[in-house]
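We count ligands from 1, going down the list as the structure has it; atoms in each ligand are counted the same way.
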Amino acid sequence: MRIAVLSGGVGGARFVRGLAEVAGAAAVSAVGNVGDDVEVLGLHVSPDLDSILYALAGLNDDERGWGRAGETWEAIETVRELGGEGWFSLGDRDLGVHLVRTQALRAGEPLSAVTARLASSLGVETRLLPATDDRLRTWLDTPAGSFPFQEWFVARGHRDEVDAVRFEGAETAAPAAGVAGALADADLLLVAPSNPFVSVGPILAVAGIREALAARRVPCVAVSPLIGGRAVKGPADRMLARSAGGTAPRHVAGCYPGLIDALVVDEADAGDLDGLGDVRPIVTRTLMSDADARRRVAEAALGMVAA
Ligand code: GDP
Ligand code: CA
């Protein structure tokens with residue numbers, strides 16, 4: 001079975017890892033968000049691709065929830081001592097990845113090619129694809145002004161309510177090399193439990209990707225990032241309440257109109273399954289607190305094929 005999954009960073013990475021463990025690493029192609037990509041200290045940082053990469057390579061820091069295990073922070077502390085650009089924390093090991101990526105991009109290598117090389121160097125068999133090789137950047141319009149994604153998320157701690165999410169470059173962005181094929185060849189399409197607005201939204205803003213999902217001939221199953229109407233972490237619940245009018249399963253499903261056939265929802269949200277329309281609910285426990293739990297969530301999403 002071939003599986004293609006659209007994924008953001010941390011929530012998505014846990015799910016993609018569970019999928020790779022359950023379905024086999026080589027069966028999975030992950031299409032990652034690049035709307036969060038940011039240039040820091042002259043380096044190209046792709047936080048969501050790296051979260052997936054580190055999770056699949058078993059290098060992620062589970063306790064901190066992002067970045068690499070065994071990380072040290074000497075370089076960024078030096079930057080801060082020197083009055084340099086220190087608002088975005090980059091670990092020393094993580095920096096090594098950004099150095100290699102940045103050099104390759106400057107030499108003209110597409111992001112998809114350097115990402116594949118990084119994955120292969122780290123022994124990752126799952127195909128990791130950026131949604132696009134073109135420049136695509138997420139912007140948030142808030143009552144305090146418009147901010148690029150990381151300025152809103154990291155520098156301002158996502159405290160501003162969001163009136164609109166925009167994707168700079170999306171009009172002309174094409175799916176990265178390999179993405180259209182991965183979507184066309186998949187026996188099952190999945191949407192990870194990632195933030196629908198700022199993690200999955202930028203992926204679906206690439207017209208070729210949205211169109212591939214809309215025209216699918218195989219099932220597409222999304223996993224809700226909410227448990228009991230609350231985000232496990234981050235602003236997804238606040239954004240849903242403000243832009244979609246609530247945090248029930250139907251509000252999550254409403255972020256993917258015509259694009260999904262089923263939604264994996266947590267037991268804590270099973271009390272209000274109204275308004276899902278054609279979207280079939282799959283109820284299970286969705287907290288991916290450990291390896292068994294993330295594999296169970298992956299199995300629930302995969303259950304669609306047997307049904
Ligand atoms: P980011 O790019 O690092 O912000 O990561 P994602 O968008 O991929 O993931 C953030 C989302 O993952 C949040 O909305 C969380 O609620 C959700 N999330 C994190 N851990 C879990 C989990 O164990 N289960 C579920 N269902 N959602 C989770
Ligand atoms: Ca992200």
Side-chain angles (χ1 to χ4, degrees), residues 5-19 30-38 45-56 60-67 88-89 94 128 130-131 136-140 148-154 157-158 162 165 167 190-205 221-241 243-244 247 249 251-252 255 263-270 281-301:
V5 53
L6 310 189
S7 174
V10 174
R14 288 198 181 123
F15 178 70
V16 173
R17 185 178 186 184
L19 272 179
V31 179
N33 171 37
V34 294
D36 301 11
D37 283 22
V38 62
V45 182
S46 296
D48 286 5
L49 293 178
D50 289 344
S51 291
I52 303 170
L53 183 66
Y54 294 153
L56 289 172
N60 60 305
D61 189 311
D62 253 340
E63 265 162 50
R64 195 182 330 112
W66 55 273
F88 196 87
S89 287
D94 193 35
L128 177 56
L136 186 155
R137 293 290 182 275
T138 300
W139 285 78
L140 293 305
F149 180 83
Q150 298 297 356
E151 198 175 323
W152 168 73
F153 195 82
V154 174
H158 53 74
V162 174
V165 185
F167 308 108
L190 298 173
V191 179
S194 294
N195 186 310
F197 300 99
V198 294
S199 293
V200 183
I203 303 175
L204 293 174
V221 181
V223 182
S224 171
L226 302 187
I227 299 183
R230 305 288 301 268
V232 177
K233 208 179 163 197
D237 48 1
R238 276 167 51 216
M239 296 180 83
L240 267 165
S243 331
T247 60
H251 300 111
V252 176
C255 294
L263 179 68
V264 177
V265 301
D266 194 84
E267 287 172 358
D269 299 294
I282 300 171
V283 178
T284 188
R285 272 174 295 146
T286 67
L287 185 65
M288 298 176 286
S289 45
D290 58 24
D292 283 346
R294 72 175 174 250
R295 286 175 204 147
R296 205 187 45 242
V297 178
E299 279 163 2

Practice problem: State the atoms of ligand 1, each with its element, that fall below the 4.0 Å cut-off from a heavy-atom position in G12. | Solution: 8 (O)
Quiz item: If you measure from atom 4 (O) of ligand 1 to every heavy atom of G8, S199, G234, which option wins on shortest distance?
Solution: S199
Quiz prompt | Nearest-0.5 Å distance that lies between atom CG in D36 and atom CG in D48 | solution = 4.0 Å
Quiz prompt | Rounded distance [0.5 Å steps], CG in N195 versus CG in L240 | solution = 7.5 Å
Exercise. Examine ligand 1 and decide if any of its atoms is less than 4.0 Å from a heavy atom belonging to S224.
Key: yes
Self-check item: Identified side-chain contact (heavy atoms from CB on, under 4.5 Å) counterpart of L6 within the set V16, N33, L204
Solution: L204
Quiz item: With atoms numbered from 1 as shown, which atoms in ligand 1 lie under 4.0 angstrom from a non-hydrogen atom of A231?
Solution: 16 (O)
Quiz item: In ligand 1, which numbered atoms sit nearer than 4.0 Å to a non-hydrogen atom of T286?
Solution: 22 (C), 23 (O), 24 (N), 25 (C), 26 (N)
Quiz item: Should the heavy atoms of other residues, nucleotides or ligands under 6.0 Å from CZ of R296 be counted, would the total exceed 12?
Solution: yes
Quiz item: Would you say ligand 1 has an N or O under 3.5 Å from any N or O of I227?
Solution: no
Quiz item: Which atoms of ligand 1 sit under 4.0 Å from any heavy atom of A236?
Solution: 14 (O)
Quiz prompt | Separation of M288 CE from I227 CD1 (nearest 0.5 Å) | solution = 7.5 Å
Quiz item: Between R17 and R294, is there a donor-acceptor pair closer than 3.5 Å when you use the side chain of the first and the backbone of the second?
Solution: no
Quiz item: By number and element, which atoms of ligand 1 are closer than 4.0 Å to a non-hydrogen atom of L287?
Solution: 23 (O), 24 (N)
Self-check item: For K233, the ligand 1 atoms whose distance to one of its heavy atoms is below 4.0 Å
Solution: 13 (C), 14 (O), 15 (C), 16 (O)
Quiz item: Can you list the ligand 1 atoms lying under 4.0 Å from a non-hydrogen atom of D48?
Solution: 2 (O)
Quiz item: Would you find more than 12 non-hydrogen atoms of other residues, nucleotides or ligands less than 6.0 Å from R285 atom CZ?
Solution: no
Quiz item: Can an N or O of A13 be found at a distance shorter than 3.5 Å from an N or O of ligand 1?
Solution: no
Quiz item: Heavy-atom distance to atom 11 (C) of ligand 1: which of P193, S51, G32, G65 wins?
Solution: P193
Exercise. Looking only at protein heavy atoms, identify the closest one to atom 8 (O) of ligand 1 and say how far it is in Å.
Key: S194 OG, 2.6 Å
Exercise. Would you mind finding which of S7, P225, P235, S289 brings a heavy atom closest to atom 27 (N) of ligand 1?
Key: P225
Quiz item: Taking just the N, O or S atoms of D36, which one is nearest to the Ca ion (ligand 2)?
Solution: OD2
Quiz prompt | V265, D269, L263, V191 screened by side-chain contact (heavy atoms from CB on, under 4.5 Å) with V252, the one that passes | solution = L263
Self-check item: N/O separation below 3.5 Å, M288 to ligand 1
Solution: yes
Practice problem: Note the single closest protein heavy atom to atom 21 (C) of ligand 1, along with its residue, its atom name and the distance in Å. | Solution: V232 CG2, 3.6 Å
Quiz prompt | Short side-chain to backbone donor-acceptor contact, D61 and G67, under 3.5 Å | solution = no
Practice problem: Could you check whether the rings of F149 and F153 sit parallel, tilted or perpendicular, using 30° and 60° as the cut-offs? | Solution: parallel
Quiz item: Between R14 and ligand 1, which residue portion shows a heavy-atom distance shorter than 4.0 Å: side chain, backbone, both, or neither?
Solution: side chain
